[in-house]
Visitor: 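Take this structure, written in structure tokens, and hold onto it; I'll ask about it next.
As the structure is a prediction and not an experimental result, all values here were calculated from the model.
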Amino acid sequence: EVQLVESGGGSVQAGGSLRLSCVASGDEVDINMYCMGWYRQGPGKEPEGIAIIYPGGATSDHADSVKGRFTISQDRSKNTLHLQMDSLKPEDSATYYCAARAALGCTPRLVVRNSYRGQGTQVTVSS
């Protein structure tokens, strides 16, 4: 089983930046073996997958809603996943979740399904 703990959320003004982190742990857990990703869920909204990084860490993909503003990365030595969020907008406000799933179906859209997830970290962007 994979345990995931997110951090780095907070409140920021529009145009600002935040960097989320997610530490993975568990018996012999290596994030390099999983499809790792981030998704978010705003109040009253469906979960939205926003970024994934393939097993091995060489390739990533981002949803159109965040492409060019958010960047997913990982530090394998620390079993940690990051999400750098720049040019934040009020519509980015949500609870952000780190997720880990099997490699099959590793896409931003599918990362919300059949994944281990953390407890979430709140991001609030004010105008």
Side-chain angles (χ1 to χ4, degrees):
E1 184 174 345
V2 181
Q3 287 87 47
L4 303 169
V5 179
E6 303 96 336
S7 62
S11 297
V12 65
Q13 289 191 328
S17 298
L18 285 172
R19 188 183 193 221
L20 306 184
S21 297
C22 169
V23 178
S25 63
D27 191 24
E28 299 184 356
V29 168
D30 179 352
I31 62 171
N32 214 41
M33 305 298 292
Y34 290 88
C35 168
M36 301 296 298
W38 292 93
Y39 70 93
R40 65 188 180 187
Q41 187 168 18
K45 297 183 179 180
E46 293 293 315
E48 177 192 11
I50 56 174
I52 55 91
I53 192 163
Y54 288 101
T59 305
S60 62
D61 194 15
H62 298 76
D64 288 344
S65 59
V66 304
K67 199 166 289 184
R69 300 188 299 120
F70 291 11
T71 304
I72 189 171
S73 64
Q74 67 181 33
D75 183 342
R76 185 183 178 186
S77 68
K78 297 181 179 179
N79 242 12
T80 299
L81 185 73
H82 298 289
L83 185 68
Q84 177 66 40
M85 306 188 295
D86 299 318
S87 302
L88 282 160
K89 304 175 181 180
E91 52 264 42
D92 294 319
S93 297
T95 300
Y96 283 70
Y97 297 92
C98 173
R101 59 165 289 149
L104 184 63
C106 187
T107 69
R109 184 174 64 86
L110 292 181
V111 78
V112 305
R113 302 179 187 178
N114 301 321
S115 300
Y116 297 103
R117 74 169 199 185
Q119 82 288 350
T121 186
Q122 180 67 38
V123 171
T124 302
V125 185
S126 57
S127 58

Visitor: Do W38 and V5 share a hydrophobic cluster (ILVMFWY, side-chain heavy atoms under 4.5 Å, transitive)?
Guide: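 W38 does not cluster with V5.
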
Visitor: Could you check whether any side-chain N or O of R101 sits under 3.5 Å from a backbone N or O of L104, counting only pairs where one atom can act as donor and the other as acceptor?
Guide: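 Answer holds: yes.
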
Visitor: What's the shortest heavy-atom distance between M36 and I31, and which atoms?
Guide: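 Scanning both residues, the minimum pair turns out to be CG-O, 3.8 Å.
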
Visitor: To the closest 0.5 Å, what do you measure between CG (L81) and CD1 (I72)?
Guide: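 The CD1 atom of I72 is 4.5 Å from CG of L81, to the nearest 0.5 Å.
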
Visitor: Linking I/L/V/M/F/W/Y whenever their side-chain heavy atoms sit closer than 4.5 Å, directly or via other members, would Y116 and V29 fall into one cluster?
Guide: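 Yes, Y116 and V29 fall within the same hydrophobic cluster.
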
Visitor: Does any N or O in the side chain of S115 come within less than 3.5 Å of the main-chain N or O of R113, such that one atom is a donor and the other an acceptor?
Guide: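 Yes: the side chain of S115 pairs with the backbone of R113.
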
Visitor: Specify the closest pair of heavy atoms between P108 and D61, including all atoms of both residues, with the distance to one decimal.
Guide: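 Heavy atoms only, the tightest pair is CD-OD2, 3.6 Å.
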
Visitor: For the CD atom on E46, are there more than 12 heavy atoms of other groups (residues, nucleotides or ligands in this structure) within a distance under 6.0 Å?
Guide: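 Incorrect, the count does not exceed 12.
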
Visitor: Thinking salt bridges, do K67 and D64 make one under a 4.0 Å N-O criterion?
Guide: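 Here K67 pairs with D64 in a salt bridge, since their nearest N and O are under 4.0 Å apart.
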
Visitor: Assess whether side chain to side chain contact (heavy atoms under 4.5 Å, CB included) is satisfied between S65 and R40, documenting all intermediate values.
Guide: CA-CA 12 Å; S65 59; R40 65 188 180 187; 3.7 Å; yes

Visitor: Shortest non-hydrogen contact from A51 to H62?
Guide: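 Closest approach of A51 to H62, heavy atoms only: CB-CD2, 3.7 Å.
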
Visitor: For the backbone of Q119 and the side chain of E6, can you confirm whether one donor and one acceptor N or O come within less than 3.5 Å of each other?
Guide: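 Here the side-chain-to-backbone pair exists.
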
Visitor: Going hydrophobic residue to hydrophobic residue with side-chain gaps under 4.5 angstrom, can you get from Y54 over to I50?
Guide: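 Hydrophobic grouping puts Y54 apart from I50.
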
Visitor: Quickly, which of V12, D92, V123, V125 forms a side chain to side chain contact (heavy atoms under 4.5 Å, CB included) with M85? Name it, please.
Guide: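 The option that passes is V123.
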
Visitor: Can you tell me how far apart NZ (K45) and OG (S93) are? Round to the nearest 0.5 Å.
Guide: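 Taking NZ in K45 and OG in S93, the distance rounds to 8.5 Å.
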
Visitor: Would you name the heavy atoms of Y96 and L83 that are closest together and state the gap between them?
Guide: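 Looks like CD2-CD2, 4.2 Å.
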
Visitor: Determine whether L4 and Y39 fall in the same hydrophobic cluster, where Ile, Leu, Val, Met, Phe, Trp and Tyr are linked whenever their side-chain heavy atoms lie under 4.5 Å apart.
Guide: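 Each belongs to a different hydrophobic cluster.
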
Visitor: I need the minimum non-hydrogen distance between V111 and G49, along with the two atoms involved.
Guide: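 Taking V111 first and G49 second, the nearest heavy atoms are CG1-CA, 4.0 Å.
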
Visitor: Can you name the closest pair of heavy atoms from G118 and Y97 and give their distance?
Guide: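 Here G118 and Y97 meet closest at O-CD2, 3.6 Å.
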
Visitor: Once rounded to the nearest 0.5 Å, what's the spacing between atom SG of C98 and atom CD of Q3?
Guide: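 Here the interatomic distance stands at 12.0 Å.
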
Visitor: Between atom CG of N114 and atom SG of C35, what is the distance when rounded to the nearest 0.5 Å?
Guide: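 Going from CG on N114 over to SG on C35, the span is 11.5 Å.
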
Visitor: Taking the side chain as every heavy atom from C-beta outward, state whether K78 and V23 have any pair of such atoms under 4.5 Å apart.
Guide: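 Side-chain contact under 4.5 Å: no.
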
Visitor: Going from NZ on K89 to OG on S126, what distance comes out if it is rounded to the nearest 0.5 angstrom?
Guide: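 One finds 15.5 Å between NZ of K89 and OG of S126.
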
Visitor: Linking I/L/V/M/F/W/Y whenever any side-chain heavy atoms sit under 4.5 Å apart, do I53 and V2 land together?
Guide: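 In one cluster: yes.
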
Visitor: Report the distance from atom CD of E1 to atom CG of D27, rounding to the nearest 0.5 Å.
Guide: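 Answer rounded to 0.5 Å: 11.0 Å.
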
